[in-house]
Every structure is written in structure tokens, then in C-alpha cells.
Amino acid sequence: MRAARFGPGSGKIWMDDVGCSGSESSIFNCSKEKMGESNCEHNNDVGVICSGIRLVGGSRCSGRLEVPHGNRWYTVCAAAFDQQDAEVVCREMKCGAPVQMLGTAAFDKGDAQMWTQEIQCRGNEYQFALCPTSLSHNCSHDNDVSIVCAETVRLVGTNSRCAGRVEVLHDGEWGTVNDAGWDMPDAAVVCRELGCGEALSAPKSAHFGEGSGTIWISDLRCTGSESTLMNCGLYGWGIEVNHTEDAGVICSGRLIFIS
């Protein structure tokens with residue numbers, strides 16, 4: 001974000017050369033110059049835009065759209081919600097392109113208050129909060145908007161969406177995960193990301209069959225608490241190994257087999 005994106009401040013510049021790892025609970029725990037000592041001007045004031053939207057009732061990449069305002073969550077009306085709006089939502093959620101937009105409370109009616117303003121994204125915003133809004137209109141929870149974005153992780157090789165060979169989407173291409181270092185914490189993150197409950201096992205050695213194409217990543221280092229596989233440490237992208245070492249996972253939830 002450019003300097004003074006939200007305008008220059010006034011008064012004391014308290015912090016300079018702040019160096020956070022990202023895991024600190026407070027910015028005051030990050031490395032920095034002595035408080036109050038700075039060689040900057042207010043035209044270098046920094047800002048931040050925090051992610052807040054969520055998709056409820058499905059997986060990380062599908063569900064009823066809810067947005068924060070103040071201390072409350074609001075559902076969004078499907079009226080006038082279009083492809084450009086959905087593209088911004090999917091981008092902010094770090095999912096693939098929009099697959100489907102649904103009204104009629106497809107993921108159940110929300111119990112949050114209804115957001116009545118019309119969203120008018122251009123489609124190139126990187127966060128939903130940056131989209132313009134227009135005058136409010138009447139809407140009910142029968143018209144809560146739901147979005148299905150393309151997943152960036154999938155399980156293939158079975159007829160259940162919650163068990164199979166792990167594949168990830170990168171640069172528009174699906175590829176596999178090498179089983180070097182593959183373990184239960186890694187599998188737990190996949191199951192959480194797909195909304196598939198807890199990990200039951202983390203099979204190796206192409207247990208669900210060998211994939212094809214690129215083997216994207218190897219040596220994943222998940223703690224098990226990450227919300228997405230891409231938040232884990234990894235060695236990649238593009239690994240010169242064999243598909244006989246493709247990783248798999250079996251999750252506890254939604255093990256619904258389709259005949």
C-alpha cells in the first residue's frame with residue numbers, strides 16, 4: 001500500500017522501521033526503533049486494510065456471504081449482486097474464480113442483520129471493502145446471496161469429496177503434492193480447508209492412484225492450525241519427483257459417496 005494511502009496524520013510519529021514476523025499478538029511486540037524516534041514525515045504514514053468477509057455454511061470457498069460492519073456481521077442481498085462482485089469475494093478468500101452465484105438462501109438463511117446497500121464492485125478490487133456501494137434497498141433473508149468459488153485444493157481418485165489424492169491449483173493448473181514430510185497436521189489443514197471435518201489418515205505412496213501433470217509442492221510444514229494449505233511452509237513450486245509418491249487424505253466429514 002502506498003505511503004499515506006488514507007491521508008497524512010498529525011502529531012507524533014511513534015514507530016519507525018517496524019519489523020514483524022506476522023505471528024506477534026501485538027504490533028508492540030515487533031522489532032522497531034525506540035518509541036518516538038523517527039526520521040519520517042507524515043507523507044510516509046502507513047495504513048492497512050484487514051480482510052473481514054466470510055462464507056458461511058459451505059467450505060472456505062463456498063457459502064452464504066457475510067460482511068462485517070462495526071461489531072456485527074451482515075448478510076448480503078442477492079439483488080444486483082453480479083459477476084464482478086463475486087470475483088472480488090473469491091479473490092479475497094484466496095479461492096479460484098467464481099463458479100456459481102446463488103440466491104434463495106442456498107446455504108440457509110442467515111440470522112445476521114441484512115446489509116441493504118447495493119454492492120458495485122468493478123471486479124479488480126483486491127478486497128470487498130474497497131468496492132463502492134449505492135443507495136439502500138429492501139431485501140429479506142430469502143434472498144441472501146451465496147457464492148461458490150473454485151477451490152484451490154481438491155481430493156480426487158474416489159467418489160467422495162472428502163477423501164482422495166490431494167491436488168492444488170497453481171498458475172491455472174492442477175497438480176499433486178509429494179508425500180515427503182506428509183503427515184497428519186498437513187492432512188488436518190486440507191480437511192479444514194475443504195470443510196470436511198477432521199483428518200482420519202494421511203496416506204502416502206499414491207494410495208488413491210497416481211496423478212498426472214506437475215507435482216507442485218513437497219515437504220509441507222503445517223502445524224495443523226493453518227486455515228489453508230498455502231499458509232503452511234513448503235518447498236516448491238514444481239518438484240522433479242515421481243507420481244508414485246503422491247499424497248492423499250481421508251477426512252471424517254461429509255463422506256457421502258455418489259454412485
Side-chain angles (χ1 to χ4, degrees), residues 54-65 86 89-90 93-102 104-108 146-232 234 236-237 239 241-259:
R54 63 185 184 185
L55 296 176
V56 181
S59 67
R60 184 180 68 87
C61 292
S62 64
R64 181 179 65 253
L65 175 62
V89 170
C90 293
M93 297 301 296
K94 294 182 172 59
C95 300
V99 175
Q100 198 172 15
M101 290 177 291
L102 305 167
T104 63
F107 287 90
D108 297 328
S146 296
I147 302 172
V148 179
C149 308
E151 301 279 359
T152 52
V153 174
R154 67 183 183 185
L155 301 178
V156 299
T158 72
N159 53 359
S160 168
R161 66 173 294 272
C162 290
R165 181 176 64 254
V166 181
E167 294 190 352
V168 297
L169 183 65
H170 182 66
D171 284 346
E173 178 187 345
W174 286 100
T176 61
V177 176
N178 182 256
D179 65 11
W182 183 251
D183 55 18
M184 287 297 287
D186 302 330
V189 176
V190 172
C191 294
R192 180 181 301 112
E193 183 169 355
L194 292 176
C196 283
E198 299 179 356
L200 299 179
S201 65
K204 299 184 178 184
S205 303
H207 178 81
F208 294 103
E210 296 180 21
S212 59
T214 304
I215 300 171
W216 276 126
I217 53 180
S218 180
D219 294 315
L220 274 162
R221 296 180 293 278
C222 302
T223 65
S225 62
E226 296 87 352
S227 58
T228 73
L229 205 62
M230 295 303 100
N231 289 337
C232 300
L234 57 88
W237 295 84
I239 311 299
V241 288
N242 197 292
H243 279 293
T244 59
E245 300 172 350
D246 285 344
V249 68
I250 300 174
C251 308
S252 65
R254 300 184 183 179
L255 290 173
I256 301 174
F257 290 87
I258 304 170
S259 58

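Side chains are part of it too, since the values below use all heavy atoms of this structure and drop only hydrogens, waters and symmetry mates.
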Quick one: does Leu102's side chain get under 4.5 Å of Ile147's, heavy atoms only? no
For Thr176, all residues meeting side-chain hydrogen bond (donor to acceptor under 3.5 Å, both in side chains), sequence neighbours excluded: His243, Asp246
Taking only residues two or more places apart in sequence or in another chain, which ones pass side-chain hydrogen bond (donor to acceptor under 3.5 Å, both in side chains) with Ser225? Thr223
Partner residues of Glu193 under the salt bridge (charged side-chain N to carboxylate O under 4.0 Å, His left out) criterion, sequence neighbours left out: Arg60
Is a donor on one side and an acceptor on the other found under 3.5 Å between the side chain of Ser252 and the backbone of Glu198? yes
Roughly how far apart are Gln100 CD and Cys149 SG, rounded to 0.5 Å? 11.0 Å
ring-ring contact (aromatic ring centres under 6.0 Å, His included) pairs, two or more places apart, involving residues 194-215: none
Kindly check if Cys95 and Cys61 bring their SG atoms closer than 2.5 angstrom. yes
Could you pull out all residues at least two apart from Ser227 that satisfy side-chain hydrogen bond (donor to acceptor under 3.5 Å, both in side chains)? Asn231
Tell me whether Asp186 contacts the main-chain N or O of Val189 through its side chain, where contact means a donor paired with an acceptor under 3.5 Å. no
Any non-hydrogen side-chain atom of Trp182 less than 4.5 Å from a side-chain atom of Leu220? yes
What residues, two or more places apart in sequence or in another chain, satisfy side-chain hydrogen bond (donor to acceptor under 3.5 Å, both in side chains) together with Asp219? none
Please tell me whether Cys196 and Cys251 are bridged, where bridged means their SG atoms are separated by under 2.5 Å. no
For Cys191 and Ala199 the tightest heavy-atom approach is SG-CA, 3.7 Å
Would you name the heavy atoms of Ala202 and Ala187 that are closest together and state the gap between them? CB-CB, 3.9 Å
State, yes or no, whether a side-chain contact exists between Val177 and Ile215 at a heavy-atom distance under 4.5 Å. no
Report the distance from atom CZ of Arg165 to atom CG of Asp179, rounding to the nearest 0.5 Å. 13.0 Å
Is the shortest side-chain heavy-atom distance between Val89 and Leu55 below 4.5 Å? yes
Is the side chain of Ser160 donor-acceptor paired with the backbone N or O of Cys162 at a distance under 3.5 Å, no angle test? yes
Looking only at non-hydrogen atoms, find the nearest pair between Cys222 and Leu229 and report the distance. SG-CD1, 4.0 Å
Would you compute the distance between atom CG of Leu65 and atom CE of Met101 and round it to the nearest 0.5 angstrom? 12.0 Å
Measuring from atom CD of Glu210 to atom CG of Asn242, what distance do you get when rounded to the nearest 0.5 angstrom? 6.0 Å
Might you point out which heavy atoms bring Trp216 and Trp174 nearest each other, and give the distance in Å? NE1-C, 3.9 Å
Starting at CG of Asn178, measure out to CD of Glu245 and round the result to the nearest 0.5 Å. 5.0 Å
For Phe107 against Val56, the heavy-atom pair lying closest together: CB-O, 3.8 Å
Less than 4.5 Å apart, side chain to side chain, heavy atoms only: is that true for Arg161 and Leu155? no
Sidechain-backbone polar pair: Arg54 side chain, Gly63 backbone, donor-acceptor under 3.5 Å: no
